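A short write-up of the structure that comes next.
What's counted below: heavy atoms across the whole structure, side chains too, no hydrogens, waters or symmetry copies. For clarity, every value in this text was computed on a predicted model and none was experimentally measured. If you read the sequence from its start, that first residue is 1, and numbering goes on from there.
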Amino acid sequence: MSPAHSVVKGSRTLLSLPCRPALFTAKPFLSQCQSRYSSHSPMGSSGPNQRKKVTLNTLRSLYKKGEPITVLTAHDFPSAHVADAAGMEIVLVGDSLAMVALGMEDTSEVLVEEMLLHCRSVARAAKTAFTVGDLPMGSYEISPEQALETAIKFVKTGRMQGIKLEGGLEMAPTIKKITAAGIPVLGHIGLTPQRQNSLGGFRVQGKTSAGALKVLEDALAIQEAGCFATVVEAVPQEVAALITEKLSIPTIGIGAGNGCSGQVLVQVDMTGNFPPGRFIPKFVKKYGDVWSESLKAIEAYRDETKSRSYPAPEHTYPISKEELAEFERALETKAV
């Protein structure tokens, strides 16, 4: 047995570890040595990361260079895992998870506790992207103090690096309160879904000169309050481009044209992970057809199970002929 060494603090031994000769190489983790016989295996790693961790400085650098910033929503470990592996600069745990992950009618239903659960799941997977959590309706509008308390939960419990909230000029004091506490804030102006009832539904904003000026006023106010960037939703392309030129922080467009500093989409929408007939906003481009691929795979599994062609021999675990024969004899004995 090799000798051991201890880490001592005061009179207490905190840790005792065996000393290994320097010529020994580090052993892999136990989970890497063992074969796993459970379907409940971890998702694993997508391999060594080839990019540095995205920070606010990274985003500012992209903005200054004029390189568009890529943002995508995620609502759990797998969706964050793939978004991070694909190189998204920002992974947003949007309150859209209310509909795409929890089956709710709109974002007004989702609770802070539900958002935090999903934030933690996303944070475990998004190792290089900058992570932002959406404050749900009712968790920040009452007062700046309420908003700061919720934002702190998203950082400490949700393990997010920043938060997003909706609103313009009227939310400036709240944004200032949160940013003063050292928590990055992503704004959201134009169409604000949490306020769709007061807007008369999901309607394009800034379609008139007065409306466009209001969006600009909101953008300037939240910039002054300390937002590091702002989402601009459902605003005419020309208006969004002009507002982008007036700001000194990035604009992240969704239904606002390509004149913004970056773009964001809901992952479920752009990957096509939904059944035929579902309404999709005009601005969404469907880049994949995950629903059809999943349906095809599951139907094939169903058919092979029904026909007993699955599981095939290569999907089963072996037993020696001798052990099987002994088991069969034991069964005969028990039968008698």
Under 3.5 Å, is there a donor-acceptor pair between the side chain of [X] and the main chain of [Y]?
X	Y	value
Thr73	Gln267	yes
Glu109	Met104	no
Glu233	Gly190	no
Ser292	Asp289	no
Ser121	Phe77	no
His75	Ala101	no
His315	Ala312	yes
Thr251	Ser261	yes
Lys127	Arg124	yes

In a check of side-chain contact (heavy atoms from CB on, under 4.5 Å) between Val93 and each of Arg120, Met160, Lys164, which one passes?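 Only match with Val93 under side-chain contact (heavy atoms from CB on, under 4.5 Å): Met160.
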CG/Leu102 to CE/Met115 distance, rounded to the nearest 0.5 angstrom?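 Separation between the atoms: 9.0 Å.
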Nearest 0.5 Å, what's the CD1-OG1 distance between Ile249 and Thr244?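 Rounded to the nearest 0.5 Å, the CD1-OG1 separation comes to 10.0 Å.
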Using the rule that two of Ile, Leu, Val, Met, Phe, Trp, Tyr join whenever any of their side-chain heavy atoms come within less than 4.5 Å, decide whether [X] and [Y] are in one cluster.
X	Y	result
Tyr287	Val82	no
Leu220	Ile189	yes
Ile142	Ile152	no
Met270	Ile252	yes
Tyr63	Leu186	no

If only side-chain N and O atoms count, and only distance matters, is there a donor-acceptor pair under 3.5 Å linking Gln223 with Lys246?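 There is no such pair between these side chains.
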Are a donor atom and an acceptor atom from the side chains of Asp106 and Ser108 found within less than 3.5 Å of each other?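 Yes, side-chain donor-acceptor contact under 3.5 Å.
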How about Phe279 and Phe274: are their ring centres within less than 6.0 Å of each other?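 They do not qualify: ring centres at least 6.0 Å apart.
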